[in-house]
Amino acid sequence: MTPWLTIVGALPDGALAPTAPAQALAAKGVGYVPQGRDIFPMLTVKENLETGFACLPRSERRIDDEIFELFPILKDFLARRGGDLSGGQQQQLAIARALVAKPKLLLLDEPTEGIQPNIIQQIGRVIAHLRDQKDMAIVLVEQYFSFAWGLGDRFCVLERGAPKLLARKGEVDEAALYRAVSV
């Protein structure tokens, strides 16, 4: 399937160089949840979350209660190794790890890939909650059109790396957007 790119929220001020090293982007407030999760399987859930502290000053290195409000299962599994979690739990951990760093821009690369439907719904509720807080911009690349349509407020369809369609939700209807991504 071709993934769709959904931009959720307004982008923060200031441009970031696309060739900057990952640690520089993280220090500027970019959080990234990669396709395939990339959690550390031998580290505990707590240790995985703490890896998100790397770009924060020591005084801010704590796991906020909101992380466990968004993903309650992680609190129960703090001592469990990341590799022992289900795929959906690993995805929740990957998102939580990015959020620990308090990003201004959150990049989510196909967060529903290989995830069971009830966890997809929970991840959708978390993304909607983050969007509605308006504390960060969210860029969602997603393979499921209805998931992206339900969360997005701006859409960008790319064809061979070039923008084919750029529109706010109110400027394009669902059918027209679907046709643009289906060609």
Side-chain angles (χ1 to χ4, degrees), residues 1-39 52 55 70-71 87-183:
M1 274 192 234
T2 303
W4 329 146
L5 172 68
T6 302
I7 302 174
V8 183
L11 294 175
D13 293 337
L16 297 170
T19 58
Q23 65 270 21
L25 292 173
K28 288 186 178 278
V30 178
Y32 176 56
V33 180
Q35 181 180 5
R37 301 176 276 279
D38 288 344
I39 56 106
C55 64
L70 295 172
F71 303 107
Q89 292 163 347
Q90 287 181 12
Q91 185 66 325
Q92 292 175 68
L93 177 57
I95 296 169
R97 178 182 58 196
L99 293 175
V100 162
K102 301 172 183 75
K104 296 175 193 142
L105 170 63
L106 181 62
L107 305 173
L108 297 163
D109 190 358
E110 297 196 43
T112 65
E113 180 186 32
I115 306 297
Q116 63 191 37
N118 66 322
I119 301 297
I120 290 173
Q121 290 174 356
Q122 182 188 15
I123 289 170
R125 285 190 299 272
V126 167
I127 295 169
H129 170 77
L130 295 171
R131 175 199 63 206
D132 294 345
Q133 282 186 319
K134 300 182 191 272
D135 291 335
M136 72 180 76
I138 301 169
V139 176
L140 170 66
V141 177
E142 181 53 53
Q143 62 181 326
Y144 293 114
F145 180 84
S146 61
F147 185 82
W149 175 259
L151 291 168
D153 57 21
R154 298 181 197 182
F155 300 92
C156 174
V157 178
L158 301 174
E159 185 171 22
R160 297 186 178 165
K164 176 179 173 182
L165 181 145
L166 294 167
R168 293 181 183 272
K169 196 170 206 171
E171 299 169 348
V172 64
D173 69 22
E174 187 174 358
L177 183 62
Y178 186 79
R179 282 191 304 275
V181 299
S182 297
V183 177

*With sequence neighbours excluded, what pairs up with K102 under the salt bridge (Lys or Arg N to Asp or Glu O under 4.0 Å) test?*
D64
Heavy-atom side-chain proximity of [X] to [Y] below 4.5 angstrom:
{"X": "W149", "Y": "K169", "value": "yes"}
{"X": "Y32", "Y": "D109", "value": "yes"}
{"X": "C156", "Y": "L166", "value": "yes"}
{"X": "L108", "Y": "I123", "value": "no"}

Which atom of [X] lies closest to which atom of [Y], heavy atoms considered:
{"X": "C55", "Y": "A101", "value": "SG-CB, 3.9 Å"}
{"X": "D173", "Y": "A176", "value": "OD1-N, 2.7 Å"}
{"X": "I95", "Y": "V33", "value": "CA-CG2, 3.8 Å"}
{"X": "L106", "Y": "A98", "value": "CD1-CB, 3.8 Å"}
{"X": "R97", "Y": "I39", "value": "NH1-CA, 3.5 Å"}

_Interatomic spacing from CZ in R125 to CG in L70 - rounded to 0.5 Å_ = 11.0 Å
*Supply the atom-to-atom distance D135 CG to K104 NZ, rounded to the nearest 0.5 angstrom.*
12.0 Å
*Spell out, as yes or no, whether a donor-acceptor pair under 3.5 Å connects the side chain of R131 to the backbone of I138.*
no
*Short question: side chain of Q90, backbone of D38 - any donor-acceptor pair under 3.5 Å?*
no
Identify all side-chain donor-acceptor contacts of residues 111-120 below 3.5 Å with residues at least two apart in sequence or on another chain.
{"unit_1": "T112", "atom_1": "OG1", "unit_2": "E142", "atom_2": "OE1", "d": "3.2"}
{"unit_1": "T112", "atom_1": "OG1", "unit_2": "E142", "atom_2": "OE2", "d": "2.4"}
{"unit_1": "E113", "atom_1": "OE1", "unit_2": "Q35", "atom_2": "NE2", "d": "3.3"}
{"unit_1": "E113", "atom_1": "OE2", "unit_2": "Q35", "atom_2": "NE2", "d": "3.2"}
{"unit_1": "Q116", "atom_1": "NE2", "unit_2": "N118", "atom_2": "OD1", "d": "2.7"}

*Any idea how F145 and Y178 line up, ring-wise: parallel (<30°), tilted (30 to 60°), or perpendicular (>60°)?*
perpendicular
